[in-house]
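A note on names: the letters A, B, ... follow the listed sequences, proteins ahead of strands, and every chain is numbered from 1. Side chains are part of it too, since the values below use all heavy atoms of this structure and drop only hydrogens, waters and symmetry mates.
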There are 2 protein chains.
Amino acid sequence: MEELIHNPDSRFKETSRSLEILEVVSRLFYENGYGLVGMRLIADTVGVRAATLYHHFNGKDDMLFQIALGVTQTFVERLLPILEEAEGSRADRLKAFVRQHIIFRWQRRYWISTTLRDLRALPAIQQAEVVGYLRHYQDTLRDFIQAGMAEGEFSAPDSTLAGFALIGMIHGINDWFSPSGTLTIEAVADLYADMAVDKLLSAVN
Amino acid sequence: MEELIHNPDSRFKETSRSLEILEVVSRLFYENGYGLVGMRLIADTVGVRAATLYHHFNGKDDMLFQIALGVTQTFVERLLPILEEAEGSRADRLKAFVRQHIIFRWQRRYWISTTLRDLRALPAIQQAEVVGYLRHYQDTLRDFIQAGMAEGEFSAPDSTLAGFALIGMIHGINDWFSPSGTLTIEAVADLYADMAVDKLLSAVN
DNA sequence: GTCTATAGAACGATAGAC
DNA sequence: GTCTATCGTTCTATAGAC
């Protein structure tokens, strides 16, 4: 298994030990599910005693919240701007976004899967903060597709549904992709970007 | 919340009390996650004492296994045949399958989400039995798309990737759909079937 | 920052009566 | 088929030493 890129979110820059722990925790949550992972298992895997974890985090749910908020904020701050800042036509920019989105999701799959799967275990106010970023992402993509439809570059029966269809395609990849298969994640990203823009949203036919 | 259709799987036909309990359990697992749902919470929600549950099931993991196997078997037995038995062209049959697939997934969303999210909590041999049905589903859809490409009715850069893209679109719906929105699940099913067949897999452009 | 020790509650599961 | 009672374990979290 390749190394996962460390989260460069500035919230962690002065406490890299916390980030190291969260890398371990996110993988344990991913593999076992939040509710089945105990503080003792986390401590054993990190290589400390359980009590030590409470020096770095307020509790198990605080770990989950930092994982969910960290990866969601980072996604919105680093990936969404591609839609406006990439080179070329609207179709070109959407393809660039889809490609980077897929690669990001694979690199951060432990954080992302944990977020989407176990978010409901958090208190409502913390859920709402994360969901706010997710909704902003959905809305931004819908508006981008809507604008492309108005300009005649995209075609879809409904911009909201087309946005969700595209998101669904992308989100499903981590459920089946394996780096030991015939395609790299970069190759999958390229083919999906083509399917999404040249087929699903095509205005040609 | 509307009533969910009862699972007609014959495994439950002589013990409908078990099925009633699993309807409650699947919703608790869906809302809280398998690991965070205790036998006492299940018993309280069903309206019995915790010990009573062990008359119907071997344990909590047995409940999860019956949910996962039941809904997966039922899907394969009832939905996959639509691909061959529906009326019309290959494109027509795929549209019918997509529509029924989406409606089925919404009706059985507690069972299905629990299955896909918490399957890894089961012993490996039980996981494998469920995964066998899921792989059969993926393979059948891939072969159907492949055949349609050979006949010139479908077009895609890769039949396996196109199959996963379609599955991803469909599976994502339950993450955002709400019956209180502007579209019914049947309307979403129709629009997605059109997007999948006339756009994503279109051979026209 | 990490440790030992432990509190207090909740966990899955079982025995045996009715 | 459901109950009462309970066993032994594990859980999250804290207090306080180093």
Checklist line | d(CG, A/L36; C1', D/dT10) in whole Å | finding: 12 Å
Checklist line | N or O in side chain of A/H55 less than 4.0 angstrom from C/dT2 OP1/OP2 | finding: no
Next item on the list: Mind calculating the distance between CG (A/L53) and P (D/dC11) to the nearest angstrom?
Entry: 13 Å
Margin query: Looking at B/R40 and C/dG12, is any side-chain donor or acceptor paired with a base atom of the opposite kind under 3.5 Å?
Written below: yes
Check: Tell me: NE2 of A/H56 to C1' of D/dA13, nearest whole Å?
Finding: 16 Å
Margin query: Tell me the interatomic distance from B/N58, atom CG, to C/dT14, atom P, rounded to whole angstroms.
Written below: 9 Å
Notebook entry, point to check: So, A/D92 versus A/S89: side-chain donor-acceptor pair below 3.5 Å or not?
Noted result: yes
Item checked: Which residues share a side-chain hydrogen bond (donor to acceptor under 3.5 Å, both in side chains) with B/R90, sequence neighbours left out -> B/E151
Note to self: Check the phosphate of D/dG1 against B/T52, side-chain N and O only, distance under 4.0 Å to OP1 or OP2. Yes or no?
What the structure shows: no
Margin query: Without decimals, in angstroms, what is the distance between A/Y54 OH and D/dA13 P?
Written below: 4 Å
Check: Looking at C/dT14, D/dT12, D/dT2, which one has an atom nearest to any side-chain atom of A/K60?
Finding: D/dT12
Checklist line | A/F154 side chain near A/Q146 side chain, heavy-atom distance below 4.5 Å | finding: no
